[in-house]
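Please read the structure below before turning to the comments.
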Number of protein chains: 2
Amino acid sequence: MSVVAKAISLLEHFSVQNPELGLSQLCRLAKKDKATTYRYLTTLESIDFVEQNPVSKMYRIGPAVLHLADIREQTVPRREGAIKPLEILAQATGETAHVSILSGNGLHALEACESMLHSTRAVIDLQKLPLHATASGICALAFGPADLTQIANTTLTQFTKQTAQDVETLARYISRVQQSGFGFSDRAFENDIVGFAAPLFDHTGQMAGTVAVAAVASRLTNALVDQIHNSLITASTSISHNWGGRVPTSIQTLWAQSSKSLAEKEMSI
Amino acid sequence: MSVVAKAISLLEHFSVQNPELGLSQLCRLAKKDKATTYRYLTTLESIDFVEQNPVSKMYRIGPAVLHLADIREQTVPRREGAIKPLEILAQATGETAHVSILSGNGLHALEACESMLHSTRAVIDLQKLPLHATASGICALAFGPADLTQIANTTLTQFTKQTAQDVETLARYISRVQQSGFGFSDRAFENDIVGFAAPLFDHTGQMAGTVAVAAVASRLTNALVDQIHNSLITASTSISHNWGGRVPTSIQTLWAQSSKSLAEKEMSI
DNA sequence: AACAGTGGTTTAATAAATGAACCGAAGGAG
DNA sequence: CTCCTTCGGTTCATTTATTAAACCACTGTT
């Protein structure tokens, strides 16, 4: 791990819940020496990646990232292209919908949209999502670059009793998703939430992210699952379109098959 | 300059005009060795600060900055607190208004708002502003931390014939601004633009940024200058309020005095 | 007064960054 | 076809910056 990565990984400890951190706190969180942490912070401060509250001496994320994020969103407008389909998805399903961006070594939640239909609903923190425990994550493992799986296999943090705890279980989850075309996670990240996801594609033809629905487990019915699947297909198709890509026919075929099998299952009930 | 700063300074070469850059281009821009630049880029890629277009092999700003910018804006909502006063300012003056954030070693343009009143108007690039050549910059030097002046003095890039080219001229500009309470720059950055600025304050009581109007020189009248000054006072007061601070009475006094002297000047005309 | 916290600084030991030279591939020009 | 340039990417001995223990100065508590 290079110095650059180590210094910047300090930034990962800042969050909406914890926007300002002191030197000592940061030392403990990063498990690093005080002198080193201090040097990192002053360096980051010199390039405006953090700034120091002059009275409390605490550090917070600096203004330089705003500028970079602006350039990114103006030239690769992921958020803009995702918002409307996301609202439609949330409204159609009555559950919380969110979009994540895939990037080399993980999945970043980009935007969430909560349905107003029910008073209980999932709340998505906009942060890095665990690959092995969320519908989006398993979807990324199923359809994204192969080297992601190695990253996922090394960090099987347990969140609930259902979280995949070994490589074999995770592999079974992944292969099921590769057959259905939908990411799926049954209370593996949060106790009462079931997740459904679909992959997104950009102009390069590669998988570029996921769109997902986080549903409250107690309200799930076969009809709702069906509705979520259909809405995910619509959302994935239009977001991929807005991102300059399109859903590969192989995935469309999977979706058509799993809709059919679902319909059959319902017929038999 | 530490490795961290050098690596991240690569990011400064990306812009809306030039969102994707190849390895060799970046080498030339950064005046760095190819091997070094390559290592920087792979490091930045590993932490999602840049991502590589898999087909063209070019690099662009990565998704990690979106997340950081989100946290920053959710916890220190500068942009949100600035937008409405900025729109009012642009509309009242008929010129382009913009807000910048002060940070240790410079001034970052945060948001610009163009008036639709005239077809010709100033366009503000959202980037780092030169301290010595803009109304906002001189305003920051006049009312911000003292060590900014040293930074400004070392980089007196010439933009127009009116740009301050020596420390004495700049000091004269600054002291004039310290007397009037308004940043001012007469065609020192762009040839036909006159800038007016007012300082902004946050909850720490320190200067936190500037709000400014970039006016087309050929349209300027005494009445418009008066209008701009008054609107800047309103804008600065309300943005500072939204940022959790307030304009110090010392500055309010300066404003009151310079309004009076302006009124007198107009009386005499 | 002793203690446990801060933020910040110095030190020799050590691990990391550096850049010239290099590779193979792709594209153009003669 | 060869020659030449430029591209992204790699190697390795040399140099340079990073590291972390110990240390200061300060503040509030017991």
Side-chain angles (χ1 to χ4, degrees), chain A residues 1-14 18-62 103-105 145-147 203-206, chain B residues 1-14 18-62 76 103-105 145-147 150 203-206:
Chain A
M1 203 182 192
S2 75
V3 209
V4 181
K6 278 184 274 183
I8 292 190
S9 70
L10 280 184
L11 296 175
E12 290 171 11
H13 299 105
F14 293 93
N18 248 335
E20 290 205 333
L21 298 169
L23 174 58
S24 302
Q25 287 176 73
L26 229 24
C27 290
R28 283 189 294 271
L29 287 169
K31 286 160 190 153
K32 271 282 161 186
D33 185 86
K34 191 155 55 166
T36 308
T37 309
Y38 179 67
R39 278 186 55 266
Y40 286 167
L41 283 170
T42 47
T43 308
L44 289 173
E45 193 181 10
S46 74
I47 54 173
D48 294 334
F49 268 60
V50 303
E51 63 183 12
Q52 195 176 21
N53 187 322
V55 290
S56 68
K57 298 285 179 188
M58 302 229 285
Y59 298 86
R60 65 173 174 227
I61 294 173
S103 67
N105 60 97
D147 47 342
H203 67 283
T204 66
Q206 305 295 306
Chain B
M1 202 182 192
S2 76
V3 209
V4 182
K6 277 184 273 184
I8 292 191
S9 70
L10 279 185
L11 296 174
E12 290 172 12
H13 299 105
F14 294 92
N18 248 334
E20 290 204 332
L21 298 169
L23 174 58
S24 301
Q25 290 175 70
L26 269 168
C27 290
R28 284 189 293 270
L29 287 169
K31 286 158 191 155
K32 270 282 163 189
D33 185 85
K34 191 155 54 168
T36 307
T37 308
Y38 179 66
R39 258 182 289 98
Y40 285 167
L41 283 170
T42 47
T43 306
L44 290 174
E45 193 181 9
S46 74
I47 53 174
D48 295 334
F49 268 61
V50 301
E51 63 184 10
Q52 195 176 22
N53 187 322
V55 288
S56 69
K57 299 285 178 187
M58 302 228 286
Y59 298 86
R60 65 174 175 226
I61 294 173
V76 189
S103 67
N105 59 99
D147 45 344
Q150 285 152 25
H203 68 281
T204 67
Q206 306 295 306

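In the text below, chain A, chain B and the rest are named by the order of the sequence lines, each starting its count at 1.
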**Asked** Does B:Tyr38 place a side-chain N or O at less than 4.0 Å from the phosphate oxygens OP1/OP2 of D:dT10?
**Response** yes
**Message:** Does D:dG9 have OP1 or OP2 under 4.0 Å away from a side-chain N or O of B:Tyr59?
**Reply:** yes
**Stretch residues 2-11 of chain A: residues that reach within less than 4.0 Å of DNA chain C through a heavy atom** = A:Ser2, A:Val3
Report the distance from atom [atom1] of [X] to atom [atom2] of [Y], rounding to the nearest 0.5 Å.
X       : Y       : atom1 : atom2 : answer
A:Leu26 : A:Thr37 : CG    : OG1   : 6.5 Å
A:Ser46 : B:Ile8  : OG    : CD1   : 9.0 Å
B:Asp48 : B:Ile61 : CG    : CD1   : 13.5 Å
B:Tyr38 : B:Glu45 : OH    : CD    : 8.0 Å

**Request:** Heavy atoms under 4.0 Å is the rule here; annotate nucleotides 23-30 of chain D 5' to 3' with B where the base is hit, S where only the sugar-phosphate is, and - elsewhere.
**Result:** --------
Which atom pair, heavy atoms only, marks the closest approach of [X] to [Y]?
X       : Y       : value
B:Ala7  : B:Leu44 : O-CD1, 3.6 Å
A:Leu21 : A:Gln25 : CD2-OE1, 3.6 Å
A:Ser9  : A:Lys6  : OG-O, 2.7 Å
B:Tyr40 : B:Leu10 : CB-CD1, 3.5 Å

**Prompt:** What are the residues of residues 24-32 of chain B, sorted by number, that bring a heavy atom to within less than 4.0 Å of DNA chain D?
**Reply:** B:Ser24, B:Arg28
Quick one: side chains of residues 29-36 of chain A, donor-acceptor pairs under 3.5 Å with protein atoms, not counting sequence neighbours, listed by atom name and distance.
from, atom 1, to, atom 2, distance (Å)
A:Asp33, OD2, A:Ala35, N, 2.7
A:Asp33, OD2, A:Thr36, N, 3.4

**Prompt:** Separation of B:Met58 atom CE from D:dG8 atom P, in whole Å?
**Reply:** 9 Å
Let me have the donor-acceptor pairs involving side chains of residues 50-59 of chain B, under 3.5 Å, with sequence neighbours excluded, atom names and distances please.
from, atom 1, to, atom 2, distance (Å)
B:Glu51, OE2, A:Arg72, NH1, 2.7
B:Glu51, OE2, B:Arg60, NE, 2.7
B:Glu51, OE2, B:Arg60, NH2, 2.8
B:Gln52, NE2, B:Lys57, O, 3.0
B:Gln52, NE2, B:Tyr59, OH, 3.2
B:Asn53, OD1, B:Val55, N, 3.1
B:Asn53, OD1, B:Ser56, N, 3.4
B:Ser56, OG, B:Met58, N, 3.3

**Item:** Along DNA chain C, first and last positions that approach a heavy atom of chain B under 4.0 Å
**Value:** C:dA17 to C:dA20
**Request:** List the steps, then state whether side chain to side chain contact (heavy atoms under 4.5 Å, CB included) holds for A:Thr43 with A:Phe49.
**Result:** CA-CA 9 Å; A:Thr43 308; A:Phe49 268 60; over 6 Å; no
**Request:** Name the residue closer to the 5' end of DNA chain C, choosing between B:Arg39 and A:Gln52 according to the nucleotide with the nearest heavy atom.
**Result:** A:Gln52
